Amino acid sequence: MGIDYEPVIGLETHVQLKTRTKMWCGCANAFGADPNTNVCPVCLGLPGVLPVANEEALRLTALTGFLLNCTVARHAKFDRKNYFYPDMPKNYQITQYDLPSTREGFLEFEYQGGLMRVRITRAHLEEDVGKSFHFARNSGLDFNRAGVPLLEIVSEPDITNAEMACEYLNALKEVLVQGGISDCDMEKGMVRCDVNVSVRPRGTTPLGAKIEIKNMNSFSGVRRALEYEIPRQIEIVSQGGKLIQSTRRWDDDAGITEEMRTKEDAHDYRYFPDPDLMPFKPDDAWVEGVRARVVELPLARKQRFMRDYQLPAGDAENFKQDIALGDFYEGIARQSRHPKAVANWVINNLRAKLAETGGTLATLAFKPEAINELVTLVESGKISNKIAQEVFTDMYATGEAPGVIVEKKGLVQVSDTGAIDQFCDQVIAAHPGPANDFRAGKVAALNFLKGQVMKLSKGKANPALAGETLERKLKA
Ligand code: ADP
Ligand code: MG
Ligand code: ZN
């Protein structure tokens with residue numbers, strides 16, 4: 001039998017920060033403008049200009065550090081990474097080399113029913129580059145993106161398969177969106193990642209040769225690239241071949257990775273401290289100001305919803321993914337003795353109505369407390385669940401309180417035994433066949449009769465009471 005190999009994966013994720021302006025100049029950090037309209041001498045790399053660090057980008061970087069359980073540095077610095085590509089007009093990129101703004105944290109996320117923790121090596125601040133376009137006869141460059149603040153989040157090689165890589169990326173994205181760090185809009189290229197993967201005999205410690213798949217821009221691409229690359233590597237080493245450290249590109253159409261360069265011709269970036277930028281040494285007040293912006297993370301939120309409102313994981317997941325809906329729910333659930341029932345109304349009925357009518361939570365006709373009132377009406381037996389659906393539709397459309405609707409339309413559930421008795425007598429008389437069936441031991445016939453009572457009462461009979469009464473009468 002051959003050796004069993006296991007993959008080892010580490011991700012370098014680049015995220016555009018949600019700032020109004022670029023990293024070193026006042027140009028707009030905006031997607032979709034006409035080419036080269038958000039540019040100035042600084043981001044075009046013209047001689048004689050000086051960069052001025054975007055304070056909000058520094059804050060968002062430190063905030064990411066807090067959200068990812070990192071140490072936030074009290075002494076960070078900026079370095080130049082030299083390289084010569086047409087999309088980088090300065091011929092170097094400003095980044096953080098040996099003194100990044102944050103380091104040594106972790107991201108926790110749900111994975112296969114349990115919790116997984118991937119260590120974060122560092123999250124450092126750098127700048128995005130421009131974009132090249134290749135036309136039939138020539139190429140074009142758009143520098144609108146050049147100088148957009150970019151956060152690089154580097155993971156330790158703790159990820160062990162393609163699915164875990166995707167779960168990590170999803171969780172990271174959720175944290176960054178929730179924290180207001182980035183909109184993480186994949187369509188707009190706000191998140192890109194480099195996927196590092198090697199294989200080693202299962203259970204051993206030394207790492208195999210690292211293969212880096214560059215510049216992935218979709219999570220499904222990451223999954224497919226890994227699902228191709230891992231078996232490729234295992235096949236080579238299984239057959240006695242040797243892998244060498246190299247960089248590959250993912251061809252999404254062909255569904256394969258292909259070699260770009262090996263370690264031998266790796267770039268020499270010749271990092272050195274940027275002479276135009278002072279080291280960044282935030283004081284206590286600055287750091288505390290950033291810490292004050294820490295928000296509850298999606299996973300913690302889900303766990304809290306499960307704990308505080310006794311929600312099943314599925315319900316809580318809805319409120320983790322849709323923050324606004326979760327906030328809305330919580331506003332009601334806090335006042336409710338039936339938080340699970342409130343969750344059902346919000347997740348099922350309200351969401352369906354919003355989708356159906358194109359409505360929003362901000363423009364609801366009814367007051368959030370109305371859902372609580374509705375739940376109380378049901379729980380106290382005043383109206384049936386079926387009638388409650390009707391009341392909900394009405395209150396959604398008109399904004400009227402459930403109690404008012406119930407009174408006005410005479411929807412109160414009939415629990416009055418006299419009235420129920422009458423309905424039952426009528427039904428038994430009208431349907432002698434099923435009545436005899438039940439008497440003869442065909443239990444299912446009761447459901448039919450019960451249905452008739454509900455129909456006769458226009459849905460207002462208390463179903464449990466109707467069932468009991470029928471049974472009592474038929475057995476008499
Ligand atoms: P570099 O200096 O070439 O960028 P690093 O050591 O900083 O390399 O690692 C970059 C990324 O690659 C990190 O996410 C790290 O976890 C991952 N990594 C490093 N070595 C390996 C390996 N042998 N296999 C898989 N991933 C690795
Ligand atoms: Mg790298
Ligand atoms: Zn500019």
Side-chain angles (χ1 to χ4, degrees), residues 5-14 19-30 33 36-46 49-54 57 68 79 81 83 88-90 94-98 100 103-107 118-124 126-130 142-149 152-162 164-165 168-169 172 193-201 204-216 222 225-226 229-230 233-234 237 243-248 260-263 266-269 271:
Y5 287 92
E6 66 178 4
V8 175
I9 301 161
L11 300 176
E12 296 164 280
T13 312
H14 294 90
T19 56
R20 206 171 42 77
T21 55
K22 290 190 186 180
M23 189 60 224
W24 313 112
C25 61
C27 291
N29 170 11
N36 300 308
T37 51
N38 292 332
V39 291
C40 74
V42 176
C43 56
L44 286 175
L46 299 185
V49 295
L50 278 176
V52 177
N54 182 327
L68 297 177
D79 304 275
K81 176 181 179 177
Y83 71 86
M88 181 33 100
K90 290 201 283 252
I94 303 177
T95 182
Q96 296 183 307
Y97 184 51
D98 54 343
R103 64 200 317 161
E104 289 170 8
F106 61 87
L107 173 65
V118 168
R119 289 169 299 156
I120 302 292
T121 316
R122 54 192 278 158
H124 65 255
E126 52 188 40
E127 56 181 325
D128 213 342
V129 299
D142 176 7
F143 292 123
N144 284 346
R145 202 178 69 177
V148 163
E152 177 169 343
I153 301 163
V154 182
S155 88
E156 289 290 303
D158 290 346
I159 299 165
T160 54
N161 63 58
M164 197 189 293
Y168 164 88
L169 287 169
L172 183 61
C193 81
D194 299 337
V195 177
N196 300 274
V197 51
S198 60
V199 296
R200 66 182 171 196
T204 61
T205 317
L207 293 170
K210 180 184 85 170
I211 313 275
E212 180 171 11
I213 311 167
K214 275 280 183 207
N215 227 348
M216 307 290 306
V222 168
L226 282 168
E229 179 63 17
I230 293 166
Q233 291 187 19
I234 291 177
V237 290
L243 289 160
I244 50 167
Q245 189 173 328
S246 54
T247 302
R248 300 177 74 85
M260 287 166 74
R261 55 178 183 261
T262 55
K263 197 182 173 187
H267 288 273
D268 178 4
Y269 292 124
Y271 288 95

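Whatever order the structure lists them in is the order used to number ligands and atoms, beginning at 1. Quantities reported herein were computed from a predicted structural model and do not represent experimental measurements. Nothing fancy with the numbering, it's 1 onward along the sequence. Every heavy atom of this structure was used, including side-chain atoms; hydrogens, water molecules and symmetry mates were not.
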Donor-acceptor pair, side chain of Asp128 and main chain of Ala146, under 3.5 angstrom
no
Under the salt bridge (charged side-chain N to carboxylate O under 4.0 Å, His left out) rule, collect the residues that match up with Arg122, sequence neighbours excluded.
none
Anything protein N/O/S under 2.8 Å from the Zn ion (ligand 3)? Just list residue and atom, please.
Cys25 SG, Cys27 SG, Cys40 SG, Cys43 SG
According to the interplanar angle, ranging from 0 to 90°, do the rings of Tyr83 and Tyr269 count as parallel (below 30°), tilted (30 to 60°) or perpendicular (above 60°)?
perpendicular
Indicate, as side chain, backbone, both or neither, the part of Asn196 found under 4.0 angstrom from ligand 1 when only non-hydrogen atoms are considered.
both
Within ligand 1, which atoms have a heavy atom of Leu11 less than 4.0 Å away?
14 (O)
Under 4.0 Å from one or more heavy atoms of Glu12, ligand 1 contributes atoms 4 (O), 10 (C), 11 (C)
May I ask you to list the atoms of ligand 1 that are less than 4.0 angstrom from any heavy atom of Ser198?
22 (C), 23 (N), 24 (N), 25 (C)
If we ignore hydrogens and angles and just use 3.5 Å, is the side chain of Asp79 paired with the main-chain N or O of Tyr271 as donor and acceptor?
no
Distance filter under 4.0 Å to Gly208 heavy atoms, resulting ligand 1 atoms
23 (N)
Ligand 1 contact on Thr121 by region, counting heavy-atom pairs under 4.0 Å
neither
N/O separation below 3.5 Å, Ala209 to ligand 1:
no
Over all heavy atoms of both residues, which pair between Arg248 and Ile211 is shortest? Give the atoms and the distance, please.
CD-CG2, 3.3 Å
Side chain or backbone, does Val154 bring an N or O within less than 3.5 Å of an N or O on ligand 1?
no
If you take the nearest heavy atom of each of Arg119, Lys210, Glu156, which one is closest to atom 27 (C) of ligand 1?
Lys210
Glu12 side, atom CD; Ile153 side, atom CD1 - distance, nearest 0.5 Å
11.5 Å
All heavy atoms of Arg200 vs all of Leu207, minimum pair found to be NH1-CD2, 3.6 Å
For Arg145 and Glu127: C-alpha separation, side-chain torsions, deciding distance, then whether salt bridge (Lys or Arg N to Asp or Glu O under 4.0 Å) applies.
CA-CA 9 Å; Arg145 202 178 69 177; Glu127 56 181 325; over 6 Å; no
Minimum-distance pair of heavy atoms, taken over all atoms of His14 and Asp194
CE1-OD2, 3.7 Å
Nearest non-hydrogen contact with atom 13 (C) of ligand 1 belongs to which option: Cys193, Ser155, Gly10?
Ser155
Rounded to the nearest 0.5 Å, how far does CG of Asn161 lie from CD1 of Ile9?
6.5 Å
Please name the pair of heavy atoms, one in Leu46 and one in Val49, separated by the smallest distance, quoted to 0.1 Å.
O-CG2, 3.2 Å
